[in-house]
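Structure record follows, encoded as structure tokens.
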Amino acid sequence: MRVLVVEDDAALGDVLERGLREEGHAVDLERTMTGADLALSVSDYDLVILDLGLPDGDGLTLCARLRSAGTPARVLVLTARDTLADTVSGLDAGADDYLTKPFDFAELAARVRALLRRPPTEDAPVVTVGLMRLDAAAHRVWRDDVLIPLTPREFALLHYLVSRRGAAVRRTDLLEHVWDAHYDGVSNVVDVHVASLRRKLPDVIETIRGVGYRVDG
């Protein structure tokens, strides 16, 4: 899934970016509200990890603006403000979760998984498509009750297609949500990963000629 990290602490931002990418997410990092506004205006995100104490404003303002605009992205507030009143203010502003600093990355990763296991279509955490079963929370996929080993990127690609099942998903959408804005590798990276998934999970992903791919539900 595609994640926007808004964190002005350079060292922490780099840790979050690297760790979330290792978890299989496409990650964009911004250090100001201005940068975050620009990123949100040009890309769709599944999750925003938002620091509140930004150099050019209060992150709560950005959170409230996202909610008033109807943006479907989940918002995880990450801040040093640790009083009960601060937590209530964050949740009332529209945050889906609130984590105070300092924190352990393993906890943040678990909270991210918990937020992303409920896609906008409100799918169940475990989805069955034909002989395939996908558990978004556990990051596991089975075919005929046999566990199929997938790379983090393969899982992210399959998860996104399953979350949009029934719809034809363009290659550009897959690049947006499964890779990130800084991807500059081979142009057929989506097709390469789909081919790999098809070898492991036959008859799950359908090619829609001239458009992209579809998983039927």
Using a 4.5 Å side-chain heavy-atom cut-off and chaining through intermediate ILVMFWY residues, the residues clustered with W142 come out as L147
Cluster partners of I208, using ILVMFWY side-chain heavy atoms under 4.5 angstrom, listed by chain and number? V211
So, are [X] and [Y] salt-bridged, with charged N and O less than 4.0 Å apart?
X    : Y    : result
R214 : D173 : no
D44  : R2   : no
D96  : R67  : yes

Side-chain touch [X]/[Y], heavy atoms, less than 4.5 angstrom:
X    : Y    : value
T172 : V190 : no
L50  : L66  : no
V48  : T71  : no
Y213 : V215 : no
M132 : V162 : yes
R113 : E23  : yes
R165 : V127 : yes
D203 : L131 : no

Just to verify, what does [X] make a salt bridge (Lys or Arg N to Asp or Glu O under 4.0 Å) with, not counting sequence neighbours?
X    : answer
D191 : R171
E30  : none
K101 : E7, D51
R198 : none

Not counting sequence neighbours, list each pair that qualifies as a salt bridge (charged side-chain N to carboxylate O under 4.0 Å, His left out) and has a residue in residues 77-90. D58-R81
Please report the C-alpha distance between V189 and L175 in whole Å, then the side-chain angles of each, then the deciding distance to 0.1 Å, and finally whether the side-chain contact (heavy atoms from CB on, under 4.5 Å) criterion is met. CA-CA 9 Å; V189 64; L175 281 171; 3.7 Å; yes
Which pair of heavy atoms, one from [X] and one from [Y], lies closest together, and at what distance?
X    : Y    : value
Y45  : A73  : O-CB, 3.2 Å
L76  : L47  : N-CD1, 4.1 Å
G24  : P152 : CA-CB, 3.7 Å
P55  : D8   : CD-CB, 3.6 Å
G94  : C63  : C-SG, 3.7 Å
R143 : I148 : N-CG1, 3.8 Å

Is [X] reaching over with its side chain to a backbone N or O of [Y], donor-acceptor style, under 3.5 angstrom?
X    : Y    : answer
D56  : M33  : yes
R21  : V27  : yes
D97  : R111 : no
R153 : V178 : yes

First locate atom [atom1] of [X], then atom [atom2] of [Y], and finally report the distance between them rounded to the nearest 0.5 Å.
X    : Y    : atom1 : atom2 : result
L54  : T34  : CG    : OG1   : 9.5 Å
L16  : F103 : CG    : CZ    : 5.0 Å
L12  : R31  : CG    : CZ    : 9.5 Å
S163 : D46  : OG    : CG    : 7.5 Å
L150 : L157 : CG    : CG    : 10.0 Å
E22  : F105 : CD    : CZ    : 7.5 Å

ring-ring contact (aromatic ring centres under 6.0 Å, His included) partners for Y160, two or more places apart: H177
For H25, what residues pass the ring-ring contact (aromatic ring centres under 6.0 Å, His included) criterion, not counting sequence neighbours? none
Taking only residues two or more places apart in sequence, or in another chain, which ones meet R199 in a side-chain contact (heavy atoms from CB on, under 4.5 Å)? A195, S196
Of all residues at least two apart in sequence or in a different chain, which pass the side-chain contact (heavy atoms from CB on, under 4.5 Å) check with S89? L60
Can you get from V5 to V15 by hopping between Ile, Leu, Val, Met, Phe, Trp and Tyr side chains that sit under 4.5 Å apart? no
Determine whether V129 and I205 fall in the same hydrophobic cluster, where Ile, Leu, Val, Met, Phe, Trp and Tyr are linked whenever their side-chain heavy atoms lie under 4.5 Å apart. yes
Applying side-chain hydrogen bond (donor to acceptor under 3.5 Å, both in side chains), can you list everything that pairs with T32, at least two apart in sequence or on another chain? none
